[in-house]
Structure formats: C-alpha cells, structure tokens
Amino acid sequence: MFHIYCPYCAEYREEEEFHPKGQAHIARPADPTATSDDTWGEYLFFRDNPRGVHHELWVHAVGCRKFFNITRDTRSYAILETYRMGDQPSVTAESMILAERDAECGVTSTATMQGVPS
Amino acid sequence: MSSTQSFRLASESGVGSQIDCDKPLSFIFNGKSYPGYAGDTLASALLANGVDVVNRSFKYSRPRGIVAAGAEEPNAIVQLGSSEAAQVPNVRATQQTLFDGLTARSTNGWPDAQRDMMGLIGKLGGPFMPVGFYYKTFKAPASMWLTYEKYIRKAAGLGRAPTESDPDIYDHMNRHCEVLVIGAGPAGLMAALAAASSGVRVILCDEQPVFGGSLLDSAETIDGMAAFDWALDAVERLAALENVTLLPRTTANGYFDHNFVTLHERRTEHLGDTAPTLDGRRQPRSRLHRIRARHVVLASGAHERPLVYAGNDVPGNLVAGALSTYIRRYAVRPGKRLVLSTTNDYAYRTALDWQNAGGEVVAVADARANPDGELVERAKAAGIRIISGSAVVEATSDRKGHRVNGARVAAIDIEGFRVSGEVELLNCDTVATSGGYSPVVHLAAHTGVRPVWRDDILGFVPGQTIAAFEGFGVVGAAAGVYAAAGVFESAVTQVKRALASDGIDAEEVQIPIVETFREGAAVAMYQVPHDKPTMRAPKQFVDLQNDVTAAAIELATKEGFESIEHVKRYTAMGFGTDQGKLGNINGMAITARCLGQTIPQTGTTVFRPNYTPVNFGAIVGRHCRELFDPERYTAMHQWHVEHGAKFEDVGQWKRPWYYPQKRRERADGKLESMHEAVVRECRAVREKVGVLDASTLGKIDIQGPDAREFLGRIYTNGWEKLAVGKARYGLMCKDDGMVMDDGVTTCLADNHFLMTTTTGGAAAILEWLELWHQTEWPELEVYFTSVTDHWATMTLTGPEARNLLSELTDIDLDRDSFKFMEWREGIVAGVPARVYRISFTGELSFEVNVQANYAMQVWEALFDHGEKYGLTPYGTETMHVLRAEKGFIIVGQDTDGSMTPEDLGMHWCVGYNKPYSWIGKRALTRSDTRREDRKQLVGLKPLEANVVLEEGAQIVLDPKQAIPMRMVGHVTSSYYSPTLEHGFALAVVKGGHKRLGEKVYLPMPDGVTHVAEVVGSIFYDPKGQRQNI
Amino acid sequence: MPRFAYFDPHPAQAVTTQSPLHHFVASASGEGSAVALREHAFLDHLILRGEPAVMIDVVQSVLGLTLPTEPQTLVLGDAGSLQWLSPDEWLLIVAAGDGFRLQRALCEALGKSHFSIVDVSGGQTVLELHGECAVAVLMKSTVYDVDPGRFPVGKGVTSVFAKATAVIRRVGEERWELIVRRSFADYCLRWLLDAGEEYGIDYQPAKARVASARKSASNMEAVS
Ligand SMILES: [Zn+2]
C-alpha cells in the first residue's frame, strides 16, 4: 500500500486514490506517418522493466484527476520522487549512482523522500 | 466450584494479578464443564483444572498439552463456538479470554483428544510417517491429489469453518498517526510515553488484554515500584492523553509498504460467542485497523525458545517463562515437581516462582559448566539443587503419554553433541526449558528485511531497514535488548531519533531507574544430545504444530535438502498458522549442525503476514452482503423494481434486463420466461413503441475552443463539419488501432459538445481523454466533465414513438424539421429536456434527456399517455437483440481489444484523410493490421431456424477434421430474433468478409455440430429506412 | 455563433421531483444516538474549470467568493460554497434555481477566456453528518485522514468512500458534508447507516423541493 505525494494536491494520499498508467516519458512520435512499423511497434508495445530506478506515470484518479510522474525503486518500492507533468525527474538511475559514489566519499545527499518535506 | 481447580493457587498467595476470584465462570471443553475465573485465558483455566491433554498432534496424533502462554502456543489450538453459526477455528487457548459459557473443542482428535481413534488405529497407514510422507506417498497420480487432500485434511482436523451464516458484524477503521508502537511491554510503554510527550498522535497496541507484557510477570522494581505497578501507572498516564490511542487485544498482523500496518482488534471475543448489543445497537465483533504511520516502533518482545529433547512433546513440558506467567498472572501452578533445563540465567526466575508458589523444584539442569549469575546465586540460596554442565535429555511419560512423569538428566558435551556422563532419572511431573530468547522479528520480516544473527544474544534481530519503510525502528527485546535498563533506553533513543527526523524535539523523558543484577553469560544450545543418535532416539520435536522432529530435519539434509527454504517446505516446519514462532530457530540450528554450518550460514526463512490468524469477518469488514459492492441506480430504479423488472449487472449498475409480465393466457398467474418477455418486448418496439432506461450511458461534457480538434484526434472519424444541433456516431481506438469504445457525440454549441460512452466505459474514457489532454496535448484548450449521473435518459423507440412524444412536448417532431441525428431542446411533460433523434434499434427513436431529479415526472407521463400506443418498457436483453439485428456492435462483447474498425467492417467510420494522425491511425497501416486473414465481424445464420448458437462457440471450416481442429473464429453475440423468427448471430471469422455465403461449422461439446451460413452483419432493414419514418 | 449551450433544467411548474434518496424514510436509533445524518437535496451544483488567473476576479465579482487556490480548501459565503477540487477545477454549490443564472453571469464575465461551467445538480447530492461520532463513522469509510486536528473547518477533499468516491468536507465543528454521486447515493447511505449503528445514528430525509425555482423565461439559452 503505497503512500503517494500528489504534486498537485501537495500532500500524501493513499494508493487507493491512484491508478498506475505504466512507464513515464513515452513520447508519441511527432509524425506517426513518418515512422517505420518497427519504430511504431516500439512506441506501442515495448517498455522498460528495470531493477532499480523506474519512472512511472500515475493519475490521482480519486482526487484531483491530474496525471503526474513517480520515480520508484522497483527493488525496495521506495518512492524517490514525484513530479508534475512536463517536469523532468531530478532522481534518475544515473543520479543515484553518483549519489552513492558521493556517499562513499562522505558527501551527504540532500534528496528527501518524494522530493518534499513530509 | 473452585474445589475442582486443583492447580489453582490460594488467593492469599498474592499471585494471580489478572484473575478475579470473586467472579467464577464456567466453560465447556470437549463436552465437559469446568470452572474458571474472570480474567483467565482458556489455557490458564484448563491448566487450573488439570487438563493435560488439549489436542492431538497434526501428523502423529500424539497427545499434546499447553506449552506456552501467548501467541507462540503451538498445541492448544481449539475450535470455538457453542452454536454452528458461532464456530471459529484455529483459536489459541492461550489468547482466548475466558467468558461464562465458553465452549471449545480440540481441533484435532476424534472423538476427543483424550481418546483419539485416529491415534489408535494408526493415522494414515501407521505411526511411522517419515518426512516428506505426503509428497512421497501421494505424489502420483496428480489427478488424485484432490481426493487425497480431502482425506488428509479430515484426518488431520485443521479446524473447520461454520456452515451457517455469521450473526456478527465486523468493520474496518482507517487511522493515521505519527508514531505506531507495536507491543506494550516495557519497551512499547516507554516508547509510547516518549512519543506522546511531544504531542504527536500515538497508537499503542498489544495483543494481550492488559498492557505490560513481561512486566506483568516480573519480580523487578522500576522507579521503586513493583514492575507490575509501574506498568499500570504508565498505562494510566497514557490513557489520560488525548493524542494517544490505546488498543488492547489488538495484534499487528501485517506490515506493508510505506508504513501501512494492519491491526486486528478483538473487541468482543472475550465477552461471548457473539458480540453483545449495546442499547440494542449491534457492536462489531472485531475490527481491522488500517494504520498509516509516519513512524513504526516495533516493540514486539521476544519469545522464549524451548530446548529440543526427547519426549519434549508430552503434556507437562513447557517453556520456562510460561510457568511464571501462569503462576503470577493466573495463580495456576500446573504441577507439583519441576525439573528445569536451561542455558541462561533468566530461566532461574521460573524456578524461584515455582518454589515461592509452593511447588517443589527437583533440580535445575544448567548446560553451563559454571553458572554464576545473581539469579543462580538466589536459587542456590533458596536451596534449589543445580546440576551444572547438564540438561534434560529426555522427558519420560506415563504409558499413554498424557503427562510427564520423569526427567532423564545427564552431563552433556555441547561442542561434541553427545551425552558425556551418566543419566540420572529425576521424578517430576513438569519439565520446563529455556534455550534463550528469539526476538519476535516477524513484522520486521514483512518489510523485506532479512534478520541478522547475533552471536552475543544467540538470536536473529531485524537487519537494516529498507527505504520504503523509512521511519521504522525496533526496540527492546525485539532488538535483542533484554536488560530492563537497556530496554527503556533503546525505546527513548529510537523515538527521539524518529521525531527529530521530522524536526520535532521530544520532551526530555525520565528513563526509569531499575535494579540491575549481575548476569552470567548464556550458552548456545538448541537440540540436546541424547544417549542414542537422533535418528534412533525417541522423537525430539522442533515444530510441535506441524509435527516436525529433529530426525526429520536430519533426514531432509541427508536426502540433499540444503537450503533452509527447501528444508522448511520438505518438512513443513513453520508452516501455517504457526509461522515458526517457537521452532524456527531450533530448526535452523539443527539444519546448520547437520550441514556442518553456522546458523548465519544457514540463514533464516521469511515470515509472512499474518502473524496470527485473522478471521475472515475482520478482513471483509462491512464489505459483505448488501454492501459487498456498490449498486448504482438510475433515477427510474424504483419504478423498475415496482414493475417487476429483472436486473442485469452492467459494471456496478443495476439495469432492467427484462420485465416479465403475468401471462395473460394462463390462469396460474405465472410470470413469463425471459424468452417470452423478450419476444414480447422486441415485437412492441418493432411494431409499436418501447422505452428503455438508457441513463447509464456515460456522458461527458466537453467545452473549449479546441473541443472539436480534440474530438478529431481521439475519434477515428471526422468532426470538423458537425454543425450545432447535430449528432454523430464515433469510434474510438487505442493507439494500437484496436477499437476501445464508441458512442454518439453531439454538437451543443460551437465550443460545446456532449460525448456519450458505453455504460461500462464511462470512467475509463474520461480518464483516457484526460490522459491525452494532460500528457500529449496540453496546448489544446478543452475541459471534460462527467455528467453521467446528471442526466436521466429515456429512449423512446418504435414506429409510434413520434405520436406518443408529440402528446407531451412542444418540440416540433416533424420528420423533415427534426431529422435523424439531430437534437432539440424543449419541454417534455412539463420538464425542460434535450431530445436526441438517434437510434440503437433501427426504429424511429427519440432519446429524452432531463435533469435526473425530474426523471420520474417524465417517465410516468410517458406511460400515462403511452397505453394507447402500446408503450412497453424493455430491458437490456431486448436492446441487445434489436441492436444485433441491425448489426450494431457492443464494444466489449463483439470486440475484445483485438478488433480494428476494418475488422468490424466499419471503414465508413474511419477518416484516413483527416489532417491530424489521430489515435489509432498509424497502427491501422502496420503489416499486422493489414493482414487479410484477420478475424472479421460477420453475421451467422444457422441453417435451422430455431437454433440459437452459443456465444463463445468456436467456428471451424471442416467438421470432419481430426481433433484438435483448426478454429477460425467464434460467436460473439447470438439471439433468437422474434422479428426474423430465426436464430442469428454475430461472429468473428478469419477472412470473414470474403466468406459471405460460405458454410461454417460449430462443433459443440455434446457432440452436436451446428451449421451456419456466413452472412452480412445487418439482418434487419439493411437500408436503414425504419429510423426515418 | 453561440459558444456554449447552457440549459436551465428546472421546470416552470410543480412536477414530481425526486432526490437520489427519495425512497428512504426517516429513521431514529433511539436515546443517545451520536450521529445525525440528513440529505440536503435539490441544491444547484456547478463545476467550474479554468486557470486560477482567469477565474479569480470573476468569481469574486460575480459570486462574492474568494476563489480557493490552496488545495483541499473551500469557502463558505452567502452565495453558497466554493471548493477546490483540482488546480483548475472547483465545485460551486448554490441555492436551488441559482445555478443557471450564475452560469450565464460567470460566462458573460469571463468573456473570451478559456473556461468551462457545467451543471451537475442532478448528478450528485449532499449528505450531512453531525454529532460526536461523525468522525468515527468517516474513519470507517474513507482512507483520508479525517482527524479533526488535521482536518479543520473549511477543508474539503475528494477521496475514496467505502467502495465509491465522495467529496468530504468539514463545514462546522462537528458538522461534515459528503457529496456523493446520484447513482451511488443509495449505496453510500446504506453504508453510513450500517457504519453508524454502533454509535446510534438518526437519518432525516431531504425537505421536499419547493416548486419552481425557475428564474428565466426560456430554458434554451445559448451564450455567445
Ligand atoms: Zn492530486
């Protein structure tokens, strides 16, 4: 049972209020007619399934009805960040690796859970 | 009554803090009546009455007695309930508070646990059942497993569900708090006090009826008070605080992501078989609290670990601490002569308690060579015989195995795993053992944390918290901290750290002052060596509930099972409701010994929710019976009910299915069958006029300058030319080109449209529109609002529709001024209405929409005026027949997410030339969607007129081919048409559009093969003239 | 060319008018009941959509209400109540018959900007919960944190209610409102009566609708 920070309602809400909508940042090709069958098939059917940091599209279905993005660790189910449509994630697989490297060097991370104070 | 409670201590003895001797109760166990006292558990009352055998074991049918005093009890599992409806299986007698009239039975054993027939005849082929017996014996043939299982379950007697409806009610409660403290022993009480002082919301729960945990049995003093009094005082202080919620009799059973915890509160189980009413109001029997906590403090304590030795399952063998609990809380000393076998100092308290309660301590066998702690000294001073470097290697019993009658004690060599000296037989009736403590890490394990072994405390403690459980901490004995001072300290430290992470400074909390005493080091021992090798020694039980022995584990390792997870599954160790509370660590230690490994190398198994069984009632809450699922009603629902409608579930909606009438030609007043009703309703629509409650169709109000552009992108067909006042049918695809919904959309004004969706698709389509708007086209100026419930919709359809409606409205209904696929506004039956001339039956139709509060006015007016026109209400079944006759698809019935518009023969509804590459367009030119052998929608006409094909029936081209036949499609919709007086169907057939006129075959399971002709999908009025009359 | 087709749904003369809960009669649980439940039916409900910058001044001038832009808040005023539902969505509840007039007034004042105003009066109803155990009944019904310490008067949310959804708002110290969809109203009321039984719950049906709240001559009103 996730506890999810809705960036529009600006508070944590229960998972029951949300619907998951799959991988985030899947852009529809701007000119579909110009794409090959393979490219179009890629857009339609192929999704990442990473072990670790994953960006997901969710909607606050029983709430503000806004779509937004969640960055989630698929190993621990920890939600690392939520952010509005159109925004880019600040936590990524790459940034996590860098943060871990920094942590080893004694640099403290400033990232908070879900990107907001609770 | 108390005269028969021969093991009850006199009230002058000063023990028995939980019971009230002035409140005698009586209860029935296995058909026999016994006395007890208010405050007793069923277990303490049974022990007070000298009931040694409380159950038969699961596999070997051996007599079993009470071993523990809490949730970890493996044997005393009873079936509760004095009536059939009140039956509750799998109740631990140690957790069941006694009430007057309580009726319980042993779960295993027939006719009862004392005289067990299954045991005498030898259960399932003799008493010798090796490990993996079920797997080995019943593994083949697989098809027989269900039969075997039924027999095994019956013989094993795993408890049974009631066959009558539960008279009680249950519910859920959602709670939110900053700090949830699980367990109200010294650590939990301290944590709650520390957290509460900061003003944050605190929930403290404990599975026992009284808070205090180990303090309730403790001889220590805290802040100069008896530990028991300190606990009482702490609870009083907490109860006085508004920010604290105390939940006794409440077990934390599951710990889920992001600090979501389920608590099972047993509210009335201690009061009676069924929940009492209060002022005539029913009270929930139990309640599931769904807690979302910012911080979770696990203070679940530790379970004392018994030693594994021969004969350790005979009644009279208990874990040491349980004896202290029975003496101190319930004034029950369940024996006379005690032999204690221990690896540590703590168990000496039990010897002292036993002696203080007037019992004889025959000896303490201490596995350590030189025990020298302060408690040991106290025991010596009390004159107790201590045999160091030794252990009870075997408990002996009477012939029936009903009670311990002696203990064989011998010097042992732990390292060498052997008996190193002479065996001395001590006369006793009770053997208590302590192999140390196992922190209760179950809830921590639910989070995915792997327990880690600590050699210093000889137990597993929760490992590092994982990220999704930020705010989780473990304190006290659950964290391996046993000494009282350390327990308090750990609780305060954890709470302070937790609150500080939220920027809250906890008030300075005074850590109580406790007496400390010198403690001798414990020694690691799990299985006690016997003078015979394990495989030949009398059975040494590891898991009493699942009848797993040390020999079984040894055999499993010899058979090649090396992973602890495999050993667990092969032996059934820690299965079911037990979850390895007493036995898991011992089992792992034995596995490690057999494999020549250490315990950490062997690892631990995963504990899963629920910690103890939760009744189904609590899980279901009030989501049952009439409240199981929402029933959605239209504004005309009461009318449908009053007019005898049968209802069909469409999503959560209750839609009239058909309206059976009394058959006029029959005097018996019997109602029409569905077939008869549908024939009558169909004829009424085709010949006169019918009315359908179509309010359930999804309706979405769309406003904005880009509304029209948006529709063009989301629908397959064109919208740029739809004029105000007009309506159009639209088809929606997903971007893979497959049809997902359809409906009529109306242009209300230049920037204003009303979209209708299928009944089932309403919510999903609104979300679909928002998805595209919010994620792909935020630049489009358009807003969507659901108005499904706002409008009530009545479809008047049939040749008389105009005549009837014209009596009620000021709208000009003339066929040339109010054309097909147009809408008008006006007054219908005195109510402002929007009327749409659209048709889903092929007949002349007017869809009347009014604000739902006024729907009944209009609906009843239609019937007031409708009789002379033969107005007939019809339901969804007739609607289906009529639309199928016209070849109108139902999305989700004739489509299944794999049909393109072209597969459906609806290329007329696809705007390939629209400028924007609308949703689904690109996919329609992929090679796969252009295949000519795709399944395509066609009509099927059975050769025999009265045959109605089965929906879902598979279609083949050659009925004579060998099985498995090559299937080329299936029937999607099939009905009898009263109009055609013929069965007919819609079906999808590979390359079907080119097979018109061909014969196809439908072989049915009963051996009959139907033959049908492939025809066009429009069976009635193919030119569409009837809707234009 | 008219941009929007607004529609006054109210009849000019008295007609049969039924709330979604018209088939429930008053019930009382006897002495000492701790929850009182009643329906406030037949109010006009409008959904306003638009960017706050577009809406804020117009709402102030036409409704005399300050547009709530903080999530989960509502304002109560003489004209009615206005609740934040989403960054660009509000629920306006006004007296029966006022909706159509306000719809046109707002539309006129908003001019050519992008907005939407939708009448949903027939699609939902208001249930009021009152009494010392009202919160306990809500806790049995919604996953949202309704602790009065966290849910001040003037707060409102959309959340899960039993297996349906509801707008939940606190309009007084012990006074809460649920706004439920018409088709789910029967289920929600049965749920509430069941959940409240433990504490004692009384139900008072809606007052009958006063005939003709209609204020415009024609129901056909296109706004350009
Ligand atoms: Zn939200």
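Lettering follows sequence order; numbering is per chain, from 1.
Side-chain contact between C/Trp191 and B/His623: present, with at least one pair of heavy atoms (C-beta onward) separated by less than 4.5 Å. Contact annotation: the side chain of C/Tyr187 never approaches that of B/Gln652 to less than 4.5 Å [non-hydrogen atoms, C-beta and beyond]. The shortest side-chain heavy-atom distance between B/Pro832 and C/Asp8 does not fall under the 4.5 Å cut-off. Looking at heavy atoms from C-beta onward, C/Glu198 lies out of side-chain contact with B/Arg282 at the 4.5 angstrom threshold. Using a 4.5 Å cut-off on side-chain heavy atoms (C-beta onward), B/Arg292 and C/Val143 make no contact. Side-chain contact between B/Glu631 and C/Asp186 is absent, with no heavy-atom pair separated by less than 4.5 Å. Using a 4.5 Å heavy-atom cutoff, the side chains of C/Arg150 and B/His176 are not in contact. Under the 4.5 Å side-chain criterion, counting only non-hydrogen atoms from C-beta, C/His45 is not in contact with B/His790.
Heavy atoms closer than 4.5 Å to chain C are found nowhere in B/Asn243, neither backbone nor side chain. When heavy atoms are compared at a cutoff of 4.5 Å, C/Ser113 does not approach chain B at all. In this structure, the portion of B/Arg267 lying under 4.5 Å from any heavy atom of chain C is its side chain and not its backbone. For a residue to count as touching a neighbouring chain, one of its non-hydrogen atoms must lie under 4.5 Å from one of that chain's; by this rule C/Tyr199 touches chain B with backbone and side chain alike. With a threshold of 4.5 angstrom between heavy atoms, C/Ser19 approaches chain B through N, CA, C or O but not through any side-chain atom. The parts of B/Phe628 that come within reach of chain C are both its backbone and its side chain, each placing non-hydrogen atoms under 4.5 angstrom from that chain. Heavy atoms closer than 4.5 Å to chain C are found nowhere in B/Ser695, neither backbone nor side chain. Residue contact with chain B, scored on non-hydrogen atoms closer than 4.5 Å, is absent for C/Ala41. Interface remark: B/Val782 contributes backbone atoms only to the contact with chain C (heavy atom separation under 4.5 Å). For chain B, the nearby part of C/Glu31 is the backbone; its heavy atoms alone come within less than 4.5 Å. With a 4.5 Å cut-off on non-hydrogen atoms, C/Ile117 touches chain B through its backbone but not through its side chain. Of the atoms belonging to B/Leu748, heavy atoms from both backbone and side chain fall under 4.5 Å from chain C. Contact annotation for C/Ala185: neither backbone nor side-chain heavy atoms come within less than 4.5 Å of a heavy atom of chain B.
To the nearest 0.5 Å, the span separating CG on C/Leu48 from OG1 on B/Thr785 amounts to 9.5 Å. Atoms OG1 and CG, from C/Thr125 and B/Asp789 in turn, are 11.5 Å apart once rounded to the nearest 0.5 Å. To the nearest 0.5 Å, the span separating CG on B/Asp701 from CZ on C/Arg49 amounts to 10.5 Å. Atoms CG and CE, from B/Asp171 and C/Met139 in turn, are 10.5 Å apart once rounded to the nearest 0.5 Å.
Put simply, of B/Arg622, B/His289, B/Gln283, B/Met173, the one with the most heavy-atom pairs under 4.5 Å next to chain C is B/Arg622. For the set B/Asp629, B/Asp279, B/Thr634, B/Val850, the count of heavy-atom pairs under 4.5 angstrom toward chain C peaks at B/Asp629.
When all heavy atoms of B/Gln851 and C/Pro9 are compared, the pair lying nearest together is CB-CB, 3.5 Å. Considering every non-hydrogen atom in both B/Val787 and C/Asp119, the closest pair reads CG1-O, 4.1 Å. For the residue pair C/Phe7 and B/Arg834, the shortest heavy atom distance occurs at CB-NH2, 3.6 Å. Closest of all the heavy-atom pairs between C/Gly200 and B/Arg281 is CA-NE, 3.3 Å. Residues C/Pro2 and B/Ala749 come closest through the heavy atom pair O-CB, 3.5 Å. Here the closest heavy-atom approach between residue C/Arg190 and residue B/Tyr633 is recorded as NH2-OH, 4.3 Å.
A salt bridge links C/Asp145 to B/Arg201: at least one charged side-chain nitrogen sits closer than 4.0 Å to a carboxylate oxygen. Taking a cutoff of 4.0 Å between a charged side-chain nitrogen and a carboxylate oxygen, B/Glu781 and C/Arg3 do not qualify as a salt bridge.
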Give the intermediate values and the outcome of side chain to side chain contact (heavy atoms under 4.5 Å, CB included) for residues C/Arg181 and B/Arg632.
-> CA-CA 9 Å; C/Arg181 288 180 70 169; B/Arg632 300 180 68 182; 3.6 Å; yes
Let me see the working for B/Tyr854 and C/Thr16 under side chain to side chain contact (heavy atoms under 4.5 Å, CB included), right down to the final yes or no.
-> CA-CA 6 Å; B/Tyr854 306 116; C/Thr16 304; over 6 Å; no
Passes side chain to side chain contact (heavy atoms under 4.5 Å, CB included), C/Lys140 versus B/His172? Steps please.
-> CA-CA 6 Å; C/Lys140 292 182 179 193; B/His172 295 167; over 6 Å; no
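B/His752 and C/Tyr6 share no side-chain donor-acceptor pair at under 3.5 Å. Looking at C/Thr17 and B/Asn853, their side chains never bring a donor and an acceptor atom within 3.5 Å of each other.
Among residues two or more places apart in sequence or in another chain, the ring-ring contact (aromatic ring centres under 6.0 Å, His included) test is passed with C/Phe184 by none.
Using cut-offs of 30° and 60° for the angle between ring planes, the B/Tyr783 and C/His114 rings count as parallel.
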